[in-house]
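Everything below concerns the one structure shown next.
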Amino acid sequence: MKMTKTILIMALVLATVPASGQKSCPLTQAQSQKSIDAWAKIAAFLTTEPRCVNCHGKVNPYIEGVGLDPDDPNKDAEAPVSLIEHGGGKQKHENTGSMDQGCKKCHNAMAPEKTWVEIGDKPVSWPEGAPLQNWTLAPNFLSFVDKDATMLCRQIKRATGTADKFLGHVKYDEGGFANFSGTSFYGNRGLSEEDLEGFNVKIQPPSITHAAVLKLGQDWVNAMGGKFQGDVSCGCELTHDKWSGQIHYSEEFSGDQGNTDLLVWSNRSLATVTVTVTNGSGSSHSHNEEKSEIEYRHYVALNGARSIQKESNQSHQLSSDDTAPITVDVRVYEQNGVFEVVPTQDENVAPVSRKVIIGKDNWSSCDRNGCKTQDKDIYSYGAPWPPISVGGKLGSDPNHVQGSLMLRKENLGNLHNGVHVQKVTFDLWRSGSN
């Protein structure tokens with residue numbers, strides 16, 4: 001494949017040091033553990049309930065099927081890999097600068113504002129004459145996809161700022177531009193009865209009630225003493241002197257497909273790596289899938305006319321998933337003012353055996369003489385790691401490194417319509433001194 005255009009986008013955001021004299025976390029170990037336990041119930045709900053996680057990163061309506069969005073107008077390296085196909089098919093980006101406006105063409109039956117107590121969890125019709133609320137996705141930096149409980153806890157504390165705002169968001173989105181929280185407990189995706197029927201969508205409320213989730217939120221706040229305490233980690237985790245956090249890497253090749261008289265083909269691949277560590281140790285999970293198909297044809301003359309005849313075809317399909325233990329450290333190069341996140345060797349962790357089968361690699365080739373197939377096992381090579389550098393410039397806080405990177409190559413493949421995208425985001429921290 002010939003590369004004719006490359007776009008490099010990099011963004012690095014580093015945390016600031018807490019104000020002088022501010023205690024990082026005034027909670028005792030017992031209070032912290034109680035808060036962690038209370039938050040775990042909320043995190044499990046947010047990451048498993050479709051009405052929550054689908055809008056927070058799991059469904060991308062702007063692509064066909066699943067995967068990355070190579071046409072994301074924001075070129076946001078934090079955009080997660082979409083895991084579920086949008087029920088209404090691929091949609092066009094209609095961004096006006098703050099949010100997409102096209103979604104409300106279908107999602108026009110959202111819950112009215114500030115009515116969760118009166119309405120409860122039963123669907124109601126949109127009030128006549130009420131202004132149309134704007135259905136939109138959660139921003140990429142608030143994605144729930146592939147994030148552990150600690151990462152989500154820090155994210156939500158940072159995003160909401162106070163316990164009152166957090167509880168207000170859970171209740172009815174703080175009376176903002178749209179009541180997403182209330183709508184999620186209807187289970188109708190904000191669709192009208194006509195659209196529900198047209199798209200063959202069933203009303204599916206979450207497994208527990210809106211009031212029950214609000215109680216979970218109140219229990220977490222109560223465990224912290226009735227308000228958010230200390231820094232973003234306070235009430236989310238115990239203190240630790242080694243690095244904790246996550247690294248997300250994704251890579252996709254898509255768009256290379258076509259149909260001519262003599263050739264029909266399509267090529268696509270997707271790879272992800274998620275590294276999760278607590279106090280230096282954790283696991284790395286990778287997922288790989290590849291699919292390619294090609295059909296060769298030739299012209300034949302029949303009764304003085306030219307026609308097309310199939311000559312041969314080939315197909316390839318690969319799928320694998322691997323999880324292995326890993327340890328992570330951050331190397332600081334003070335002289336150059338940069339840092340690098342690297343996997344390290346833990347002598348207490350046994351190496352992964354090459355005998356572990358993590359997937360299959362299937363090939364098929366057919367011509368006028370018949371078909372041949374070949375199936376190969378894919379073996380583990382140890383803890384997966386992103387193939388591009390994870391690092392950046394040092395910031396003011398030596399206990400927090402955070403950044404993102406996106407690499408994009410265009411005009412690839414036979415018709416130069418293929419796009420290769422690589423994305424990596426990372427957020428790692430350790431407990432600093434008070």
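In the model, H420 has no side-chain atom that pairs as donor or acceptor with a side-chain atom of Q422 under 3.5 Å. Between the side chains of S380 and D322, a donor-acceptor pair is found at a separation under 3.5 Å. S244 and W429 share no donor-acceptor pair across their side chains, judged by distance under 3.5 Å alone. S254 and R268 share no side-chain donor-acceptor pair at under 3.5 Å. H400 and D427 are linked by a side-chain donor-acceptor pair at a separation below 3.5 angstrom, with hydrogens and angles left out of the test. Using modelled atom types and a 3.5 Å distance limit, the side chains of T272 and S250 yield no donor-acceptor pair. Looking at Y333 and Q335, their side chains never bring a donor and an acceptor atom within 3.5 Å of each other.
For the atom pair F45 CZ and I208 CD1, the distance stands at 5.0 Å (nearest 0.5 Å). In this structure, CG on D361 lies 4.5 Å from CG on L318, to the nearest 0.5 angstrom. Taking CD1 of I42 as the reference point, atom CG of L152 lies at 10.5 Å (rounded to 0.5 Å). Going from atom NZ of K215 over to atom NZ of K41 covers 7.5 Å, rounded to the nearest 0.5 Å. Rounding to the nearest 0.5 Å gives a distance of 10.5 Å between OG of S233 and CG of L238. Here S35 contributes atom OG and F228 contributes atom CZ; the two are 9.0 Å apart, rounded to the nearest 0.5 Å.
Under a 3.5 Å cut-off, the side chain of N222 and the backbone N or O of Q218 do form a donor-acceptor pair. When atom types are taken as modelled, the side chain of E252 and the backbone of L68 share a donor-acceptor pair closer than 3.5 angstrom. Side chain of S181 to backbone of H169: a donor-acceptor contact under 3.5 angstrom is found. The backbone N or O of S143 lies less than 3.5 Å from a partner atom in the side chain of K147, making a donor-acceptor pair. Looking only at distances, no side-chain donor or acceptor of T183 sits under 3.5 Å from a matching main-chain atom of M110. Looking only at distances, no side-chain donor or acceptor of N336 sits under 3.5 Å from a matching main-chain atom of V338. Side-chain N or O atoms of S269 include none that pairs as donor or acceptor with a backbone N or O of E290 at under 3.5 Å. Here the side chain of K157 pairs a donor or acceptor atom with the backbone of Q229 at under 3.5 angstrom. Between the side chain of N288 and the main chain of A271, no donor-acceptor pair closer than 3.5 Å is present. At least one donor-acceptor pair closer than 3.5 Å links the side chain of T327 to the backbone N or O of T344.
Salt bridge annotation for E410-R408: present, with a cationic side-chain nitrogen under 4.0 angstrom from a carboxylate oxygen. A salt bridge does not link D241 with R430: none of the charged nitrogens is closer than 4.0 Å to a carboxylate oxygen.
Ring centroids of W243 and F426 are separated by 6.0 Å or more, keeping the two rings apart.
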query = What's the verdict on side-chain contact (heavy atoms from CB on, under 4.5 Å) for V81 and V66, showing C-alpha distance, side-chain angles and the deciding distance?
reply = CA-CA 7 Å; V81 174; V66 299; over 6 Å; no

message = Evaluate V273 against S284 for side-chain contact (heavy atoms from CB on, under 4.5 Å), listing each step before the verdict.
response = CA-CA 7 Å; V273 176; S284 180; 3.7 Å; yes

request  = With side-chain contact (heavy atoms from CB on, under 4.5 Å) as the test, would you mind laying out the steps for L142 and Q155 before giving the verdict?
outcome  = CA-CA 7 Å; L142 293 181; Q155 172 179 299; 4.0 Å; yes

ask   = Can D256 and H416 be said to form a side-chain hydrogen bond (donor to acceptor under 3.5 Å, both in side chains), step by step?
value = CA-CA 7 Å; D256 179 24; H416 309 293; over 6 Å; no

request  = Please lay out, stage by stage, how W385 and I247 fare under the test side-chain contact (heavy atoms from CB on, under 4.5 Å).
outcome  = CA-CA 9 Å; W385 188 259; I247 302 168; 3.5 Å; yes

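With contacts defined as side-chain heavy-atom distances shorter than 4.5 Å, the pair T425/F141 does not qualify. L196 has its side chain within reach of I203: a pair of non-hydrogen atoms, C-beta onward, lies under 4.5 Å apart. The closest side-chain heavy-atom distance from W220 to D37 is not below 4.5 Å.
With sequence neighbours left out, T274 forms a side chain to side chain contact (heavy atoms under 4.5 Å, CB included) with D146, Q246, H248, T276.
Taking every heavy atom of both residues into account, N259 and W265 meet most closely at N-CZ3, 4.1 Å. What you find for L270 and G67 is that their closest heavy atoms are CD2-CA, 4.3 Å. Pairing each heavy atom of L27 with each of S32, the nearest pair is CB-OG, 3.6 Å. In this structure, F199 and G87 approach most closely via the heavy-atom pair CD2-O, 4.0 Å. Listed here is the closest heavy atom pair of Q31 and T28: OE1-N, 2.9 Å. In plain terms, the two heavy atoms of G217 and L167 that are nearest each other are C-CD2, 3.7 Å.
Applying the disulfide (SG to SG under 2.5 Å) test to residues at least two apart or on different chains, the pairs with a partner in residues 182-256 are C25-C234, C153-C236. Within the structure, every pair that satisfies the side-chain hydrogen bond (donor to acceptor under 3.5 Å, both in side chains) test and touches residues 42-60, not counting sequence neighbours, is listed here: E49-S207.
Shown here is R331, whose CZ atom has no more than 12 heavy atoms of other residues, nucleotides or ligands within 6.0 Å. More than 12 heavy atoms of other residues, nucleotides or ligands sit less than 6.0 Å from atom CD of Q33.
A cation-pi arrangement is not found for R189 relative to W135, the charged atom failing to lie both closer than 6.0 Å to the ring centre and inside a 45° cone about the ring normal.
The side chain to side chain contact (heavy atoms under 4.5 Å, CB included) test with L428 is passed by exactly one of V390, V275, V277: V277.
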